[in-house]
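The structure appears below as structure tokens.
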Amino acid sequence: MLSPLSSIYAKISDLRNARFDSGKSKSFDLGARTISVGNITAGGTGKTPLVILICEKLAGRGKRVCVLTRGYGRSDPKKRVLVSDGKGPLVDARTGGDEPVEMARRLGGTAIIVADPNRVAAAKWAKEKFGVNAFVLDDAFQHRRAKRDVDIVCIDAMNAFGGGRMLPAGRLREPLTGLRRASAIVLTRADLAQNIDDIKAEIVRYNSSCPIFTSSNRMVEMTLVSKFLLSRDRSEAADTNIDYARLANTSAFAFCALGNPDSFFGQLRRDNFEVAGTESFADHHAYSQNDIASVTKKARDSGAGYLLTTAKDAVKLSGIEFEIPCFVLKTKLVIDDDVGFSALL
């Protein structure tokens, strides 16, 4: 039943791309070096850690960096929101979107972040207001109105091509022929997959000239949610009365609301966490006190002594009370050929 709809979706995508390829639909130069990070499938592919890494590299070269993002899941998706002025988050996740606010907390003084569906107009505004001289487009492989100097596609090695079928039957946003536009491809979560060579061979069928990088997430810090939320959010005080010696002898209960929750749970297993149980919510889920109460009950029933979640989830936990300690697992993206990747930017 869904296959005919997928066929229609593919034709629409092809027609739209053909209009940009022929010049009938116009792309606009943003007036500064522009790097796009996107994907060819729906759902979580690990774009956010890559955006963060790119911003850090550009800022390290003295660039005034601005992330332009749609800000999926925010309360008013048509409104322009300044998520960060380059000093940390200015809004909450409901207003700015969970991923933009996560980036704002992780990047701190490294990048301006603007959520706006019209990224061309947002770029002009950001240049005038902040003197931006480098843009990073978040989730923009299909957003072709904005010209880009580098077009990076993230492919989740755990589910590379979404079953090979277009939406809504599968997870492909456009046919795999779209990979021909890519300047580079980054295979995310490569350490959790078994068929990297097969994935690379399939990519080469559509684009034999672009470099293919592999990457993995590495844990850099585990911190209490309350401490994670301290920057520009004093609504929660850091809990300093944690008996860490006792926690060291207990297991964790992990929860998240990601496009690919197994990537988080798999990382915990790889990093040798003792996990008593897990709970996943729909991607971009907005947490309530009842949600956390339910998670806490399941954690206690499983014998877990503490909770583990991600930075993307943590930005939606402000004002939530916890009966047992909840920690945020902060990670960074590690690329196999960091020198080669940096040279692209």
Side-chain angles (χ1 to χ4, degrees), residues 2 6 9 37-52 67 69-77 81 83 89 91-106 113 115 117 137-143 153-163 165-174 186 188-189 192-193 217 225 228 253-268 277-288 290-292 294-295 298 307-318 320 326 328-331 333:
L2 291 177
S6 295
Y9 194 101
V37 178
N39 56 24
I40 202 162
T41 58
T45 58
K47 294 187 307 297
T48 299
L50 184 58
V51 169
I52 291 171
V67 177
T69 178
R70 180 181 59 175
Y72 184 83
R74 54 199 181 97
S75 56
D76 188 349
V81 174
V83 179
V91 296
D92 60 16
R94 177 175 290 275
T95 304
D98 52 7
E99 289 167 344
V101 172
E102 176 196 353
M103 285 189 280
R105 291 197 180 281
R106 296 289 301 275
I113 301 174
L137 306 179
D138 173 46
D139 194 14
F141 191 54
Q142 289 78 31
H143 186 87
V153 176
C154 283
I155 293 180
D156 182 356
M158 295 179 68
N159 186 6
F161 307 113
R165 296 196 294 175
M166 293 287 299
L167 293 167
R171 294 176 55 238
L172 284 174
R173 288 179 167 185
E174 61 177 294
V186 175
T188 59
R189 300 158 185 151
L192 301 177
N217 287 321
V225 165
F228 179 83
F253 190 93
F255 71 96
C256 64
L258 305 176
N260 182 356
D262 288 338
S263 65
F264 176 51
F265 302 145
Q267 179 183 357
L268 295 178
T278 63
E279 177 82 358
S280 60
F281 297 82
D283 196 15
H284 304 289
H285 176 76
Y287 290 104
S288 68
N290 286 339
D291 291 330
I292 300 306
S294 175
V295 167
K298 291 178 180 179
L307 304 175
L308 279 177
T309 194
T310 74
K312 175 179 172 178
D313 294 284
V315 300
K316 297 175 288 187
L317 295 173
S318 180
I320 299 289
C326 180
V328 182
L329 192 68
K330 296 171 69 174
T331 62
L333 193 75

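All values derive from a computational prediction rather than experimental measurement.
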Determine yes or no for a side-chain-to-main-chain donor-acceptor pair under 3.5 angstrom, with Arg70 supplying the side chain and Pro117 the backbone.
no

Does the side chain of Cys154 reach to within under 4.5 Å of the side chain of Leu50, using non-hydrogen atoms?
yes

What distance do Phe264 atom CZ and Leu329 atom CG have between them, rounded to the nearest 0.5 Å?
5.5 Å

Looking only at heavy atoms, which two atoms of Thr48 and Met103 are closest? And how far apart?
CG2-CG, 3.6 Å

Can you check whether Asp98 reaches Tyr72 side chain to side chain, under 4.5 Å on heavy atoms?
no

Quick one: are Arg189 and Gln267 in side-chain contact, heavy atoms under 4.5 Å?
no

Any non-hydrogen side-chain atom of Val83 less than 4.5 Å from a side-chain atom of Thr69?
no

Note, Asp291 side chain near His285 side chain (heavy atom, < 4.5 Å):
yes

Any side-chain donor paired with an acceptor under 3.5 Å for Asp156 and Asn260?
yes

Distance from Lys316 atom NZ to Glu102 atom CD, nearest 0.5 Å?
9.5 Å

Kindly give the heavy-atom pair with the smallest separation between Phe265 and Glu279, and that separation in Å.
CZ-O, 3.8 Å

Give the minimum heavy-atom separation between Ala42 and Leu167, together with the two atoms involved.
CB-CD2, 4.1 Å

If I take atom CG from residue Asp138 and atom CD1 from residue Ile52, how far apart are they, to the nearest 0.5 angstrom?
9.5 Å

Any donor-acceptor pair under 3.5 Å linking the side chain of Gln142 with the backbone of Asn39?
yes

Can you find a heavy atom in the side chain of Leu137 that is under 4.5 Å from one in the side chain of His143?
no

Taking the side chain as C-beta and beyond, is there a heavy-atom pair between Ile155 and Phe161 under 4.5 Å?
yes

Are the side chain of Ser6 and the backbone of Ala169 linked by a donor-acceptor contact shorter than 3.5 Å?
yes

Within this structure, what is the CE-CD1 distance for the pair Met166 and Ile40, rounded to the nearest 0.5 Å?
8.5 Å

If we ignore hydrogens and angles and just use 3.5 Å, is the side chain of Thr188 paired with the main-chain N or O of Thr45 as donor and acceptor?
yes

Would you indicate whether the side-chain heavy atoms of Asp92 and Ser318 approach each other to under 4.5 Å?
no

Using the six-membered ring wherever Trp is involved, compare the ring planes of Phe255 and Phe281 and label them parallel, tilted or perpendicular (cut-offs 30° and 60°).
perpendicular

